[in-house]
Number of protein chains: 4
Amino acid sequence: MWLHVDPRSPQPMYQQVVDGVKSAVAKGILQPGDKLPAVRELSMELTLNHNTVAKAYQELERAGVIEVWRGRGTFIAASKVPADVNERKNELERELERILVEAHHLQMSEDEVEEMLRQVVRRLREGRGEHA
Amino acid sequence: MWLHVDPRSPQPMYQQVVDGVKSAVAKGILQPGDKLPAVRELSMELTLNHNTVAKAYQELERAGVIEVWRGRGTFIAASKVPADVNERKNELERELERILVEAHHLQMSEDEVEEMLRQVVRRLREGRGEHA
Amino acid sequence: MWLHVDPRSPQPMYQQVVDGVKSAVAKGILQPGDKLPAVRELSMELTLNHNTVAKAYQELERAGVIEVWRGRGTFIAASKVPADVNERKNELERELERILVEAHHLQMSEDEVEEMLRQVVRRLREGRGEHA
Amino acid sequence: MWLHVDPRSPQPMYQQVVDGVKSAVAKGILQPGDKLPAVRELSMELTLNHNTVAKAYQELERAGVIEVWRGRGTFIAASKVPADVNERKNELERELERILVEAHHLQMSEDEVEEMLRQVVRRLREGRGEHA
DNA sequence: GTGGTCTAGACCACC
DNA sequence: GTGGTCTAGACCACC
């Protein structure tokens, strides 16, 4: 199973489901058109309540990651740019700054953070079977 | 004032204070030995409950960013590596991966994220008066 | 084909069929006496379950838009005022008010909504080949 | 009370709360900075479950209509244009077209719909104490 | 005090 | 079968 949820995490469980699906899409594990498990099916696999999974699916639909076909099921959507791209890019910038601040207090230089990012990118690419 | 707090932010107020102080240290606005405002003083300036500021100071002390000298006040500590560095570096890596996943859903390439990081670094360095 | 249906729409599929037929009539694409495709035929063209199309036809019959001649087929009815006109006019008024409220939150003035309505009317008239 | 909810309506109750608050803002009954009742307080007044009201408040926050001050309460936000204005304006246009189609089947002319809209506008303005 | 999350279980519309 | 809504009631973090 490509999705796991940790009830002890400070992150809400529905958010973990959202992030897990987004991550699987980014990694190519889930492709546009792929069917997601039904709400109740996934809730049983993750031993979550169906409401929790439903909330995650609604969030993913609003984010344009999945499409709900009424009465038929839920599918990965063709990727498209969300309406609020610029807002969210600014948000990413602020998070990067926050990471740099944290890194400074761990005595990491900015170059080391850049190197860390490159390493994560490399790992993701290998996961996808890309080489370079 | 080098510290601002937004009550509408999803981030808890005490966390904003923690991040604000860490950021001021990372940017060189606050230096080891500098005295921080007293809890009640800061809570009035930021119109926060004093418990909120006290909680932030406790957090900062645990993180080794400040030192509380009972009866004298609170000071920025000499920078030192905290005990749980490796744990927290792993945490940073996970956050970088999460940012890359988000970026993918904004149609940003991994190279663009790297470029964004370099830009943030450049901005921080200029703020510190460094050039290059 | 003058009828399209989107499974990803929040609107139920049968409702989309109902609205599509009503719209075709309003635009003059379908005229009184015109024969509609048989339920099974239309369900195949739209790749819908035949129950879904049957439900739409029942709705259209109740609304007085079509007439079902058992054994012969389904036809566009001569236009006549339905029994519950006043109720439904009140419903339209409530929808217009809801639109004005939404528009307010998009910073549109009431005059801009009126202008938008006039534009939609103009477009519909041009579609019908009317000029003025 | 400026808010009512009808459990027999086809509209979900949380949506009725959302529309009710938006409407009160559009009519000037609620002004930026005004405090909304606490989730549990409002849920008791409307004899709804607190989860239902919480869902409505979350929707309103996402729409930028209200602001949640953590631990303090919920307030009407200063009005600002949402990120997806254009999408939502297109949505309004489609709804206006749907209304014109419905009106046609009630034997209303397009001019009569325009007049109906003007009347609704007039009523709203009078409600606000504007004259003209 | 405030809002947010979660389970358990019922009920509904749609396909 | 599918997802969406709702109640009842517990628990949590934040202020």
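First the proteins, then the strands, lettered A, B, ... as listed; each starts at 1. Note that the structure is predicted; figures quoted are calculated from it, not measured.
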Peer 1: Do other residues, nucleotides or ligands put more than 12 heavy atoms under 6.0 Å from the CZ atom of R62(D)?
Peer 2: yes

Peer 1: For the pair made of CD in Q16(A) and C1' in dT5(E), what is the distance, rounded to whole Å?
Peer 2: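 It is 12 Å, rounded to the nearest whole Å.
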
Peer 1: Would you kindly give the CD-to-P distance between E67(D) and dG3(E), to the nearest whole Å?
Peer 2: 14 Å

Peer 1: For V18(A), does its backbone N or O pair with a side-chain atom of E59(A) as donor and acceptor, under 3.5 Å?
Peer 2: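 No, because the side chain of E59(A) does not come within donor-acceptor range (under 3.5 Å) of the backbone of V18(A).
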
Peer 1: Whether Q58(D) contacts dG4(E) is assessed here as follows: a side-chain N or O lying under 4.0 Å from the phosphate OP1 or OP2. Is that the case?
Peer 2: yes

Peer 1: Looking at K22(B), Q16(B), Q15(B), which one forms a side-chain hydrogen bond (donor to acceptor under 3.5 Å, both in side chains) with D19(B)?
Peer 2: Q15(B)

Peer 1: What is the distance from CG of L36(D) to P of dG3(E), rounded to the nearest Å?
Peer 2: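 It is 9 Å, rounded to the nearest whole Å.
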
Peer 1: Count the heavy atoms of every other residue, nucleotide or ligand shown that sit under 6.0 Å from CH2 of W69(C), and state whether that count exceeds 12.
Peer 2: no

Peer 1: What's the verdict on side-chain contact (heavy atoms from CB on, under 4.5 Å) for L92(C) and L106(D), showing C-alpha distance, side-chain angles and the deciding distance?
Peer 2: CA-CA 10 Å; L92(C) 287 193; L106(D) 300 176; 4.0 Å; yes

Peer 1: Once you round it to whole Å, what is the distance between C1' of dT7(E) and CG of L42(A)?
Peer 2: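 About 16 Å, once rounded to whole Å.
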
Peer 1: When you look at I99(D) and E102(D), which way does the side-chain contact (heavy atoms from CB on, under 4.5 Å) test go after all the steps?
Peer 2: CA-CA 5 Å; I99(D) 284 176; E102(D) 278 304 314; 5.6 Å; no

Peer 1: Counting Watson-Crick and G-U wobble pairs with both distances under 3.5 Å, what is the dot-bracket string for DNA chain F, 5' to 3', using [ ] for crossing pairs and | for pairs to another strand?
Peer 2: ||||||||||||||.

Peer 1: Using a 4.0 Å heavy-atom cut-off, write out nucleotides 8-15 of chain F from 5' to 3' as B (base contacted by protein), S (sugar-phosphate only) or - (no contact).
Peer 2: BBBB--BS

Peer 1: Before accepting this row, confirm whether a basic side-chain N of the pair E97(C)/K27(D) lies closer than 4.0 Å to the acidic partner's carboxylate O.
Peer 2: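 Salt bridge: yes.
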
Peer 1: Output, in order, the C-alpha distance, side-chain angles, deciding distance and verdict of side-chain contact (heavy atoms from CB on, under 4.5 Å) for W2(A) and V21(A).
Peer 2: CA-CA 9 Å; W2(A) 44 269; V21(A) 170; 4.1 Å; yes

